[in-house]
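In what follows, every heavy atom counts, from backbone to side chain, and hydrogens, waters and symmetry copies are set aside. Since the model is a prediction, treat every value here as computed from it, not as a measurement. Lettering follows sequence order; numbering is per chain, from 1.
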Number of protein chains: 2
Amino acid sequence: MATPAAPSQAVPADRAVSGRDRVHASALRLFAEFGVSGTSLQMIADDMGVTKAALYYHYKTKDELVLGVIRPLLERVSRTVEAARRLRSRRAQVEFVLDGLVDVVLDARRSYVVATSDRSVGHLLERDAELQQMGERLVDLLAGPDPTAVDRLRTILFLSGLTGPLSDPECTAMPEDEFRATVVDTGRRLLLVRRT
Amino acid sequence: MATPAAPSQAVPADRAVSGRDRVHASALRLFAEFGVSGTSLQMIADDMGVTKAALYYHYKTKDELVLGVIRPLLERVSRTVEAARRLRSRRAQVEFVLDGLVDVVLDARRSYVVATSDRSVGHLLERDAELQQMGERLVDLLAGPDPTAVDRLRTILFLSGLTGPLSDPECTAMPEDEFRATVVDTGRRLLLVRRT
DNA sequence: GTCTATAATGCGATAGAC
DNA sequence: GTCTATCGCATTATAGAC
């Protein structure tokens, strides 16, 4: 979207990783451990083995760097929600989003934790209507049509609750299949509740 | 525990609030909004209408201030868990802790969010074995005896998930009774699952 | 219990060479 | 794409007066 003439937005996997990708990797690791405000550009530069000034070639400000790290996750979730919208039954929609969400979460656990629970990211998103909407649409789809406050509470509890297991050593040590199955099952239990 | 000759550790409610309590109130509000690392002593001082130096009369370092703000919550949760331990059935224990937890969470929402989701607090607790144990015991009791990784995942998802609704405007606008009932019901749904 | 003043360090950000 | 060097400012923390 901003990278000029790049063949793909995602990590090339084949060609050598771009400088930006290396910045993302270091920044994300540190953001997840120390929080965005607790991570200085110096720490990121040291982690990459370059100087602070080199970061400014890739991003004009720290805020843009943070958004650059978080945006791919939000866009991926957004695409999953859009695809789910085209399914007929609510049940199928929820299952589709749950599966997609676990995918995202499993190979981008750090971004998920940072994006959903860091206060600095929260404030940045408040100033970007488009990115904020992506999160809202996820909640709206999972909460169902004409959601009550109770539906919304269960949905938000589930989504924010994902960050706990992602940071817990015993949970991250689980076999991936078991982790996936448990999360999806828990999601069903919370989201597919018969209305009273 | 540290305050000399103070009649009570909790807020007096009758006598004028102590200086420490005023520090806690300002700090907590700002920690919840900007995160611990995103909150400077200057911001806290400005919020209280005093100078930065005045804070150092109450706490020697920022780290001690943070722990001073968080400790009352952890001790309260710890007492609830201890009381629950003396009940016979698992069902009664879980119900007791759920009720107590919602109490704590409702009148100290900000501390709960800060204590459970701020990375700076996480690192501080890592260096205080006693405080860290309080959190672990809560997880242990709710996860049940000889918990599987699945039990633990559900428990942690629930506990960390509470922070979402606490920060969501629509959820906090719910009548307290409804909020309480929904959280307790969700907790039952996640924690009292028949083993397979 | 709060103030002014200040020390020492780290921060985000910029300029210009290579 | 990365470097050195630097600017201006905010940060935690201390010393000493009131």
Would you mind reporting whether A/F179 and A/P165 have side-chain heavy atoms less than 4.5 Å apart?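 Heavy-atom side-chain distance check passes, below 4.5 Å.
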Is there a side-chain contact between B/E33 and B/R110 in this structure, where contact means two heavy atoms from C-beta onward sitting under 4.5 Å apart?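 Counting from C-beta outward, B/E33 and B/R110 never come under 4.5 Å.
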Could you verify whether a donor N or O on one side chain and an acceptor N or O on the other, from B/Q132 and B/D128, lie under 3.5 Å apart?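 No - no donor-acceptor pair under 3.5 Å links their side chains.
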Got a sec? Which of residues 46-62 of chain B come in under 4.0 Å of DNA chain D, heavy atoms?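 Close to the strand are B/K52, B/A53, B/Y56, B/K60, B/T61, B/K62.
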What ring-ring contact (aromatic ring centres under 6.0 Å, His included) pairs are there with at least one residue in residues 110-138 of chain B, not counting sequence neighbours?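 Residue pairs with at least one partner in residues 110-138 of chain B: A/F34-B/H123.
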Looking at B/R180 and B/D103, is there a salt bridge between them, counting it only when a charged N and a carboxylate O are closer than 4.0 Å?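 Salt bridge between B/D103 and B/R180, a charged N being under 4.0 Å from a carboxylate O: yes.
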Before accepting this row, confirm whether a basic side-chain N of the pair A/E82/A/R79 lies closer than 4.0 Å to the acidic partner's carboxylate O.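 A/R79 and A/E82: not salt-bridged.
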What's the separation between atom OG1 in A/T163 and atom CG in A/D118, rounded to the nearest 0.5 Å?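 One gets 11.5 Å once the value is rounded to the nearest 0.5 Å.
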Let me know the distance between CG of B/L41 and P of C/dA8, rounded to the nearest Å.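 Rounding to the nearest Å, CG of B/L41 and P of C/dA8 are 20 Å apart.
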Can a side chain N or O of A/S40 be found less than 4.0 Å away from OP1 or OP2 on C/dC11?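 So the side-chain polar atoms of A/S40 do come within 4.0 Å of the phosphate oxygens OP1 or OP2 of C/dC11, strictly under.
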Taking any atom under 4.0 angstrom from a heavy atom of chain B, which nucleotides of DNA chain D are the first and last to qualify, 5' to 3'?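 Footprint of chain B along DNA chain D, 5' to 3': D/dT11 to D/dT14.
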Please step through salt bridge (Lys or Arg N to Asp or Glu O under 4.0 Å) for the pair B/D185 and A/R154, ending with a clear verdict. CA-CA 10 Å; B/D185 175 71; A/R154 284 206 196 93; 3.7 Å; yes
